[in-house]
Protein chains: 2
Amino acid sequence: MTDQVGGAGHRAAPVHTDPDKVPLLTALSALADPVRIQLVRELAGSDDWTRSCGSFDVPVGKAALSHHFTVLRAAGLVEQRDQGAKRVNRLRREEFEARFPGLLDLLLRTDDVG
Amino acid sequence: MTDQVGGAGHRAAPVHTDPDKVPLLTALSALADPVRIQLVRELAGSDDWTRSCGSFDVPVGKAALSHHFTVLRAAGLVEQRDQGAKRVNRLRREEFEARFPGLLDLLLRTDDVG
DNA sequence: CAAACTGTATGATGAGCATCGAACACTCGG
DNA sequence: CCGAGTGTTCGATGCTCATCATACAGTTTG
């Protein structure tokens with residue numbers, strides 16, 4: 001059985017950064033990348049904790065993908081949790097909005113990318 | 001006499017980009033740099049057409065500074081005009097705000113940088 | 001336990017970009 | 001006309017970062 005979330009989790013826990021402690025430059029740099037923009041947008045269109053890292057449709061390998069999630073965590077944009085073999089994600093909408101008002105909305109409203 | 005603005009201007013006119021045609025990624029990349037953030041902020045605290053390129057207190061040489069202004073123009077953030085020997089600047093507040101609502105305000109409100 | 005799956009860690013590689021120094025073009029004041 | 005001031009262009013340099021291939025660790029299923 002593995003419906004349980006709070007399982008053992010012998011894995012190294014992902015390192016998160018509180019959005020309140022994220023410098024502006026860090027946030028802007030994190031969002032100034034087409035792959036990460038797409039990740040955030042796809043995540044925004046899904047329910048919390050429903051998307052594993054590998055479930056995103058981005059044109060990069062596993063290693064690069066893992067790197068992008070590290071950047072998004074450091075920018076206070078994404079929270080991760082281990083669930084069995086997978087690592088599921090959640091967009092930190094409200095917390096990030098409180099730190100950088102309007103930024104996330106701008107990203108999600110603008111349909112263009114570059 | 002040199003109070004006139006619309007002088008001859010035998011110089012190569014600066015190339016501008018309409019904010020409406022600026023891709024999101026271009027705007028975010030332009031603002032994801034400490035020097036350019038400072039330029040925009042200083043410009044926001046000055047009246048239009050009162051600041052020449054060399055009047056900004058940034059820790060880079062003339063060549064790099066010129067490059068940064070090129071990036072800011074391409075992002076639809078700054079408009080330039082030749083005035084005698086100097087090139088004076090103006091922050092495109094309203095136009096940029098119309099294209100990316102809240103982004104400029106966020107940059108100017110957040111006192112932190114990185 | 002073995003095999004398949006998910007994600008991380010480690011180099012290595014390549015591209016982009018921020019920077020500088022120097023040369024050049026233009027403007028203004030004497 | 002000459003010199004000082006302003007800004008751009010060019011070439012070179014160095015660094016950051018996005019990416020990949022590979023190896024590794026934990027999890028789940030057979």
Side-chain angles (χ1 to χ4, degrees), chain A residues 1-16 25-26 28-39 49-75 78-89 114, chain B residues 1-16 25-26 28-39 49-75 78-89 114:
Chain A
M1 284 273 158
T2 314
D3 259 47
Q4 208 50 10
V5 167
H10 272 300
R11 228 173 337 180
V15 178
H16 292 102
L25 187 58
T26 303
L28 291 176
S29 299
L31 294 176
D33 177 283
V35 173
R36 289 193 288 266
I37 288 181
Q38 189 171 344
L39 290 176
W49 312 123
T50 62
R51 303 293 302 269
S52 67
C53 294
S55 72
F56 292 83
D57 187 27
V58 285
V60 294
K62 299 193 302 178
L65 187 56
S66 181
H67 163 67
H68 284 303
F69 274 107
T70 301
V71 174
L72 290 177
R73 284 199 313 266
V78 165
E79 187 179 357
Q80 295 185 315
R81 174 185 302 179
D82 283 340
Q83 184 172 321
K86 304 188 176 177
R87 181 161 283 189
V88 290
N89 300 273
Chain B
M1 225 182 287
T2 313
D3 260 47
Q4 207 53 11
V5 167
H10 271 295
R11 229 175 332 183
V15 179
H16 292 103
L25 187 58
T26 302
L28 291 177
S29 299
L31 295 176
D33 178 283
V35 173
R36 289 194 287 265
I37 288 180
Q38 189 171 342
L39 290 176
W49 311 122
T50 62
R51 304 292 303 267
S52 68
C53 294
S55 72
F56 292 84
D57 185 26
V58 286
V60 294
K62 300 192 303 179
L65 187 57
S66 181
H67 163 66
H68 284 302
F69 275 108
T70 302
V71 173
L72 290 177
R73 284 199 314 266
V78 165
E79 188 179 357
Q80 294 184 316
R81 173 186 301 178
D82 284 338
Q83 183 172 321
K86 304 189 178 179
R87 181 160 283 189
V88 290
N89 300 273

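Because only heavy atoms are used, hydrogens play no part in the values below, and waters and symmetry mates are left out as well, while side chains stay in. Just so we're on the same page: letters track the sequence lines, and every chain starts at 1.
Between D/dG7 and B/Ser52, a contact under 4.0 Å exists linking OP1 or OP2 to a side-chain N or O. Put simply, A/Arg87 has no side-chain N or O that comes within less than 4.0 Å of OP1 or OP2 on D/dG26.
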Close N or O pairs between protein and nucleotides 19-23 of chain C (under 3.5 Å):
| residue | atom | partner | partner atom | Å |
| --- | --- | --- | --- | --- |
| C/dT19 | OP2 | B/His68 | NE2 | 2.2 |
| C/dC20 | OP2 | B/Gly61 | N | 2.6 |

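In this structure, B/Asp82 atom CG and C/dC28 atom P are separated by 10 Å, rounded to whole Å. The distance from atom CG of B/Asn89 to atom P of D/dT6 is 14 Å, rounded to the nearest whole Å. Atom CZ in A/Arg36 sits roughly 8 Å away from atom C1' in D/dA18 (whole-Å rounding). Rounding to whole angstrom units, CZ of residue A/Arg11 and P of C/dT8 are separated by 8 Å. When rounded to the nearest whole Å, the span between CZ of B/Phe69 and C1' of C/dA18 equals 16 Å. For the pair A/Leu65 CG and C/dT6 C1', the interatomic distance rounds to 11 Å; values are reported in whole Å. A/Arg81 places its CZ atom 21 Å from the P atom of D/dG26, with the value rounded to the nearest Å. Taking atom CZ of B/Arg51 as the reference point, atom P of D/dT6 lies 13 Å away to the nearest angstrom.
The CD atom of B/Gln80 lies 8.5 Å from the CH2 atom of B/Trp49; values are rounded to the nearest 0.5 Å.
Panel note: side chain A/Arg11, backbone A/Gly84; a donor-acceptor pair is recorded below 3.5 Å.
Between B/Lys86 and A/Ala85, the residue anchored nearer the 5' end of DNA chain D, judged by the nucleotide with its closest heavy atom, is B/Lys86.
In this view, B/Thr50 and B/Ser46, B/Asp47 satisfy the side chain to side chain contact (heavy atoms under 4.5 Å, CB included) rule, not counting sequence neighbours. The side-chain hydrogen bond (donor to acceptor under 3.5 Å, both in side chains) test applied to B/Ser55 returns B/Arg51, not counting sequence neighbours. Judged as a side chain to side chain contact (heavy atoms under 4.5 Å, CB included), and not counting sequence neighbours, the contacts of A/Val35 are A/Asp33, A/Leu39, A/Val58, A/Val60, A/His68. Remark: A/His67 pairs with no residue by the side-chain hydrogen bond (donor to acceptor under 3.5 Å, both in side chains) rule, at least two apart or across chains.
Pairs of residues two or more places apart, or lying in two chains, never qualify as salt bridge (Lys or Arg N to Asp or Glu O under 4.0 Å) while including a residue from residues 55-73 of chain B.
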